[in-house]
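Because only heavy atoms are used, hydrogens play no part in the values below, and waters and symmetry mates are left out as well, while side chains stay in.
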Amino acid sequence: MTKAFPVLGAVMALAFTAPAHSLGLEVREARTSERLDCLPLSDRAFSLTFIHSVSQTPVEDVYTLEGEGSERQLVQTAEHFVTHGQGLPSMEDEPGVSRLEHTDTGFVAHMRRPISKLIIRAHPDFDNTLRADGRRIDLTNWPDRALRIEPVGDCKSNR
């Protein structure tokens, strides 16, 4: 799906670089906090890709990780989509959106939207995937469960 959104490479190249220690994104079951997987980050950028449930078209949400230690915070920086649909930005005055761009492949909503808790419900029909540094976690491995994605110091420890 990233082939449909060539801007992601440029966005990721502009992301902040990580300190000397590695960072990661843990996938946890939201209710029990059971650790399901972890995606190492060599820089602070990652994306979530999925098929929009109404328009049945690909969407890519781009994030960066800001701060250190207990101050780590996920910030959504862009949303790439093919067509407007319920739940997708349609105007520049939506919360956190600074600019809505029309591209050859659809639209890009440029934003700075801090995310306090990133919780998603994956389903095989929607191909929910967490991506960073050419690696991926297929979130549909845990269908119909609320999944919490949170930053960690590294994938080897629990924080």
Applying side chain to side chain donor-acceptor pair (under 3.5 Å), can you list everything that pairs with R99, at least two apart in sequence or on another chain?
H110
Atom CD in Q73, atom CD1 in I115: separation rounded to 0.5 Å?
8.5 Å
With S33, which residues qualify under side-chain contact (heavy atoms from CB on, under 4.5 Å), at least two apart?
R28, R148
Any donor-acceptor pair under 3.5 Å from D133 side chain to R135 backbone:
no
For the residue pair G67 and R72, what are the closest heavy atoms and their distance?
O-CG, 3.8 Å
Contact check, side chains of E79 and V59, non-hydrogen atoms, under 4.5 Å:
yes
Given side-chain contact (heavy atoms from CB on, under 4.5 Å), test D61 with F50 step by step and report yes or no.
CA-CA 9 Å; D61 290 340; F50 58 94; 3.5 Å; yes
Residues in side-chain contact (heavy atoms from CB on, under 4.5 Å) contact with T32, at least two apart in sequence or another chain:
E29, E34
Can you list every disulfide bond (SG atoms under 2.5 Å apart) pair that touches residues 32-64, not counting sequence neighbours?
C38-C155
So the ring-ring contact (aromatic ring centres under 6.0 Å, His included) pairs with at least one residue in residues 116-141 (sequence neighbours excluded) are H123-F126
Would you say W142 and V27 make side-chain contact, with heavy atoms under 4.5 Å?
yes
Contacts of type salt bridge (Lys or Arg N to Asp or Glu O under 4.0 Å), residue R112, not counting sequence neighbours
E66
Find out whether D154 and P40 are in side-chain contact, i.e. whether some heavy atom of one side chain is under 4.5 Å from a heavy atom of the other.
no
Flag yes if V108 and V75 sit in one hydrophobic cluster, no otherwise; membership is Ile, Leu, Val, Met, Phe, Trp, Tyr, and two members link when side-chain heavy atoms are under 4.5 Å apart.
no
Under 3.5 Å, is there a donor-acceptor pair between the side chain of R113 and the main chain of G96?
no
For P124, what residues pass the side-chain contact (heavy atoms from CB on, under 4.5 Å) criterion, not counting sequence neighbours?
T140, P143
Looking at R131 and L39, what are the two nearest heavy atoms and their distance?
C-CD2, 4.0 Å
To the nearest 0.5 Å, what is the distance between OG1 on T49 and CG on N128?
8.0 Å
Out of curiosity, does L25 fall in the hydrophobic cluster containing L118 (side-chain heavy atoms, cut-off under 4.5 Å, transitive links)?
yes
Quick one, H80 with T103, criterion side-chain contact (heavy atoms from CB on, under 4.5 Å). Give me CA distance, side-chain angles, the key distance, then yes/no.
CA-CA 10 Å; H80 301 256; T103 69; over 6 Å; no
Verdict with reasoning, L23 to L65, per side-chain contact (heavy atoms from CB on, under 4.5 Å)
CA-CA 9 Å; L23 296 169; L65 181 57; 3.7 Å; yes
Can you see which heavy atom on L147 is nearest to which on L139, and at what distance?
CD1-O, 3.8 Å
Would you say T77 and Y63 make side-chain contact, with heavy atoms under 4.5 Å?
no
Which heavy atom in L74 sits nearest to a heavy atom in I149, and how many Å separate them?
CD1-O, 3.7 Å
Could you give the distance from CG (L130) to CZ (R136), rounded to the nearest 0.5 Å?
10.0 Å
What one should report as the nearest heavy-atom pair of A146 and I119 is CB-CG2, 4.1 Å
For residues L41 and A45, report the shortest heavy-atom separation together with the two atoms involved.
CD2-O, 4.0 Å
Can you tell me how the ring of H102 sits relative to the ring of F107, calling it parallel under 30°, perpendicular over 60° and tilted otherwise?
tilted
